[in-house]
Amino acid sequence: MPAIINEPQDINELMFRAQAIAGFNLQQIAALHQLSVPDDLRKQKGWIGQLLELHLGATAGSKPIQDFPALGVELKTIPINAQGKPLETTFVCVAPLTGNHGVTWQTCSVANKLKQVLWIPVLGERDIPVAERIVGSPLLWQPDEIENMQLQEDWEELMDMIALGQVEQITAHHGKYLQLRPKAANNKIRTKAYGSEGEIIQVRPRGFYLKKAFTHQLLKKHFNI
DNA sequence: ACTTGATCATTT
DNA sequence: AAATGATCAAGT
């Protein structure tokens, strides 16, 4: 297996690379790139995602675009247990809290990010050392009609509250499949949002996350488990 | 046992 | 400061 660093030219090439690492552990993949595996992820929470980006040839870095812009593919690693159940929610994107006039579900960044996702499950229970965690079979996914509706309903509820100046009333309980939670380096960080009178207030930045029920159902649908 | 709110590293 | 990659760990 080569230590690939170039960008895949088409989806077949991307999928071939992703399928080729299924069954290997993170130590083996890291070794191809002369990387050492951290003992735990407490100080490097995105390490697995970044390793897979490197191996598959993603070049977007931290630019606010898809991982493979030429292919229209977003890459997501997702930790699962042996039964295929997600162990964590999935971050989608930062939530825009101001200036959303005219933005609809069809044009929003959540729908755009989720148009086509390459899911790479990684067996990731916390008692398994990071180095020994096994990469699973990749899944190239596009939301079906039902999934699209599920996300749209939650998104509209959340965006209505944001537009009405109720962002501080939103908790992770809102939304059945898509939730809004803090997303920042710490809880002192602030960004602009609307208050209840339409004035600008300073709040913790928020992000959209897919709840485990949503990712679990989509993995089950495609892997029959 | 499980979820919510908090947090960490890095790049632009 | 805000985006990327997410998981941690306190609280319920």
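Labels below follow one simple rule: chain letters A, B, ... track the order of the sequence lines, proteins then strands, and each chain is numbered from 1. Worth saying up front: this structure is predicted, and the values here are computed from it rather than measured.
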Q.
On DNA chain B, compare the nucleotides closest to R126(A) and G46(A); which residue's is nearer the 5' end?
A. R126(A)
Q | Along DNA chain B (nearest heavy atom to each residue), the more 5'-positioned of E88(A) and A184(A) | A | E88(A)
Students often get this wrong, so: under 4.0 angstrom with heavy atoms, is [X] touching a base, only sugar-phosphate, or nothing?
X       : value
Q66(A)  : nothing
D67(A)  : sugar-phosphate
G49(A)  : sugar-phosphate
P205(A) : nothing
R190(A) : sugar-phosphate

Report the distance from atom [atom1] of [X] to atom [atom2] of [N], rounded to the nearest whole Å.
X       : N      : atom1 : atom2 : answer
E125(A) : dC2(B) : CD    : P     : 11 Å
R204(A) : dA1(C) : CZ    : C1'   : 18 Å
F208(A) : dT4(B) : CZ    : C1'   : 17 Å
F91(A)  : dT4(C) : CZ    : C1'   : 8 Å
R206(A) : dG5(B) : CZ    : P     : 9 Å
K176(A) : dT4(B) : NZ    : C1'   : 19 Å
D40(A)  : dA9(C) : CG    : P     : 8 Å
I48(A)  : dC8(C) : CD1   : C1'   : 13 Å

Kindly point out which of [options] is positioned nearest to the side chain of [X]?
X      : options                : value
Q50(A) : dT7(C), dT4(B), dA9(B) : dA9(B)
V94(A) : dT4(C), dA6(B), dC2(B) : dT4(C)
K76(A) : dG5(B), dA9(B), dA6(C) : dA6(C)

So does [X] get a side-chain nitrogen or oxygen closer than 4.0 Å to the phosphate oxygens (OP1/OP2) of [N]?
X       : N       : answer
K212(A) : dT3(B)  : yes
K113(A) : dT4(C)  : yes
T89(A)  : dT4(B)  : no
Q44(A)  : dT10(B) : no
R181(A) : dA6(B)  : no
H173(A) : dT3(B)  : no
N187(A) : dA6(B)  : yes

Q: Take L26(A) and V135(A), measure what side-chain contact (heavy atoms from CB on, under 4.5 Å) needs, and give me the verdict at the end.
A: CA-CA 7 Å; L26(A) 298 180; V135(A) 177; 3.9 Å; yes
Q) Does E147(A) reach the main-chain N or O of D144(A) with its side chain, forming a donor-acceptor pair under 3.5 Å? A) yes
Q) Under the 3.5 angstrom rule, does the side chain of D67(A) hit a backbone N or O of A58(A) as a donor-acceptor pair? A) no
Q: Please assess K85(A) against E125(A) for the test salt bridge (charged side-chain N to carboxylate O under 4.0 Å, His left out), listing each intermediate value before the final yes or no.
A: CA-CA 10 Å; K85(A) 193 173 162 189; E125(A) 300 205 76; over 6 Å; no
Q | Donor/acceptor link under 3.5 angstrom from K183(A) side chain onto base of dG5(B) | A | no
Q) Does K63(A) get its side chain close enough to the base of dT12(B), under 3.5 Å, for a donor-acceptor pair? A) no
(Q) Between T77(A) and P64(A), which residue's closest nucleotide on DNA chain C lies nearer the 5′ terminus? (A) P64(A)
Q.
If you compare all heavy atoms of A172(A) against all heavy atoms of K211(A), which two are closest, and at what distance to 0.1 Å?
A. O-NZ, 4.2 Å
**Q.** Trace of the salt bridge (charged side-chain N to carboxylate O under 4.0 Å, His left out) decision for R126(A) with E88(A)
**A.** CA-CA 11 Å; R126(A) 289 192 201 177; E88(A) 292 289 345; 3.5 Å; yes
Q. What's the spacing between E156(A) CD and L178(A) CG if we round to 0.5 Å?
A. 11.5 Å
